[in-house]
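What follows is a set of notes on a single structure, which appears directly below.
Start at 1 and go down the list; that is how both ligands and their atoms are numbered.
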Amino acid sequence: MRKRIFSGVQPTGNIHIGNYLGALKQFVELQEDNECLYCIVDLHSITVPQASQELKKHILDVAALYLAVGLDPKKSLIFVQSDVPAHSELAWILMCNSYTGELSRMTQFKQKNRGQASAPAGLFTYPVLMAADILLYDSQVVPVGNDQKQHIELTRDIALRVNNTYGETFVVPEGRYLKAGARIMALDDPTSKMSKSAENIHSRISLLDDPAKIKKSIMRATTDSEGSVRYDLAEKPGLSNLLNIYSAFSGQSVDSLVEQYAGGGYGVLKKDLVDVIVSNLEPIQQHFNDIRHSSELISALSEGAAKAKEIAQKTMVRVHDRFGLGIRRAGK
Ligand code: AMP
Ligand code: TRP
């Protein structure tokens, strides 16, 4: 059965293979048999300061990458969050139904805030805006990386709470996590996740990296001194991360990779992995360069926003009605 799918990526530059394997790859698979909305969540990105010219560029970069990895605007709605004002409106209403206690427990907030006594209020309420993104479209499934699990659980809690208090209002969504790409770790430190903002550029492989950079990052990736190819997340997190990346890009199982490379050292595996990544990213980069400055990109985004607005409007009529807000929509 066709399902309503929603997900979002922040336009903060450096979209990396963790984003691709954890999220974007699922987006493409899902668009074939479902009704999908994929958003560029620019309002989330300003929870930390952004230079406006950079942000404008990054919004179009992510949009172009969406198309470059295979999203088809004829099948999926692709749009920018701030082009649909209802996201912010619903976020306020949900904030009135969220608790500071539950928001204080969000690990992403704790990490970004790094124990400071005071933080931008938007950083604190970030997960509520995410809940609004999802609930606004009656989304049933949300494909994301593992790091978003806690935010999805919060979204479900808020939806159930509102439904219990105000009557059936929201669809309660489910997260969808891929096995192989759910959590790609940093290449220089396999105990932390690959991130867009880490200082060391060799900690990640960005989707737009050239082959020389990819080779450098993989060849210097942290492994261990044991020298035998085994999958062991606890004892050999670096090598296991490389095996996960290899498996996710090639479709070959980790077990069969271990068998294939068992006799050799890490060097051979790393060299082959470079080839696998380069050959997967080349067509994406080609497509990206073809469309990044095209009018096709802009029209996909404006059509996406117009259609998203229509769906959002229907939900907001329902929400206003349940909460008793406004007079404009009374009686509808
Ligand atoms: P963000 O970069 O925070 O906008 O994340 C966009 C999407 O990529 C979300 O679905 C994340 O869960 C996913 N993601 C981010 N980092 C990773 C990672 N290291 N491994 C797997 N998925 C990730
Ligand atoms: N918080 C998500 C992240 O950092 C991005 C995001 C915002 C999102 N709104 C969303 C993901 C709605 C899925 C659904 O990766």
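- Only the side chain of K196 comes within 4.0 Å of ligand 1, judged by heavy-atom distances.
- Side-chain N or O atoms of Y38 include none that pairs as donor or acceptor with a backbone N or O of I5 at under 3.5 Å.
- Near Q148, meaning under 4.0 Å from any of its heavy atoms, are these atoms of ligand 1: 12 (O).
- Comparing G22, G145, G13 by heavy-atom distance to atom 9 (C) of ligand 1, the nearest is G145.
- Atoms of ligand 1 lying under 4.0 Å from any heavy atom of Q10, numbered from 1 in the order shown and given with element: 3 (O), 4 (O).
- With a 6.0 Å cutoff to the six-membered ring centre and a 45° limit on the axis angle, K112 counts as a cation-pi contact of Y126.
- Checked by atom type and distance alone, the side chain of H16 pairs as donor or acceptor with a backbone atom of N19 at under 3.5 Å.
- Remark: E35 engages R4 in a salt bridge, criterion side-chain N to carboxylate O under 4.0 Å.
- Atoms of ligand 1 found under 4.0 Å from any heavy atom of R183, numbered from 1 in the order shown, are 20 (N), 21 (C).
- A distance of 6.0 Å or more separates the ring centres of F27 and F6.
- Looking at M185 next to ligand 1, no N or O pair under 3.5 Å apart turns up.
- Between K193 and ligand 1, a contact under 3.5 Å exists for no N or O pair.
- Residue contacts with ligand 1, taken as heavy atom pairs separated by less than 4.0 Å, involve D147 solely via side-chain atoms from C-beta onward.
- Contacts with ligand 1 closer than 4.0 Å are made by side-chain heavy atoms of H16 only, the backbone lying farther away.
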What does the N/O contact table under 3.5 Å look like for ligand 2?
from, atom 1, to, atom 2, distance (Å)
ligand 2, 1 (N), Y126, OH, 2.8
ligand 2, 1 (N), Q148, OE1, 3.1
ligand 2, 4 (O), Q10, NE2, 3.2
ligand 2, 4 (O), Y126, OH, 2.8
ligand 2, 4 (O), Q148, NE2, 3.4
ligand 2, 9 (N), D133, OD2, 2.7
ligand 2, 15 (O), Q148, NE2, 3.4

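- Q108 places no side-chain N or O within donor-acceptor distance of the main-chain N or O of H151, the cut-off being under 3.5 Å.
- Using a 3.5 Å distance cut-off with no hydrogens or angles, the side chains of H202 and D188 do not pair a donor with an acceptor.
- Ionic pairing of K3 and E174 is not present here: no N-O contact between side-chain nitrogen and carboxylate oxygen is shorter than 4.0 angstrom.
- Judged by distance alone, with hydrogens and angles left aside, the side-chain atoms of S256 form no donor-acceptor pair with the main-chain N or O of Q252 at under 3.5 Å.
- The proximity of M194 to ligand 1, defined as any non-hydrogen pair under 4.0 Å, involves the side chain as well as the backbone.
- Under a 4.0 Å criterion applied to the non-hydrogen atoms of A23, ligand 1 contributes the atoms 7 (C), 8 (O), 10 (O).
- At least one test fails for K307 against the ring of F79: distance under 6.0 Å to the centre or angle within 45° of the axis.
- In this structure, a donor-acceptor pair under 3.5 Å is present between the side chains of D133 and Q81.
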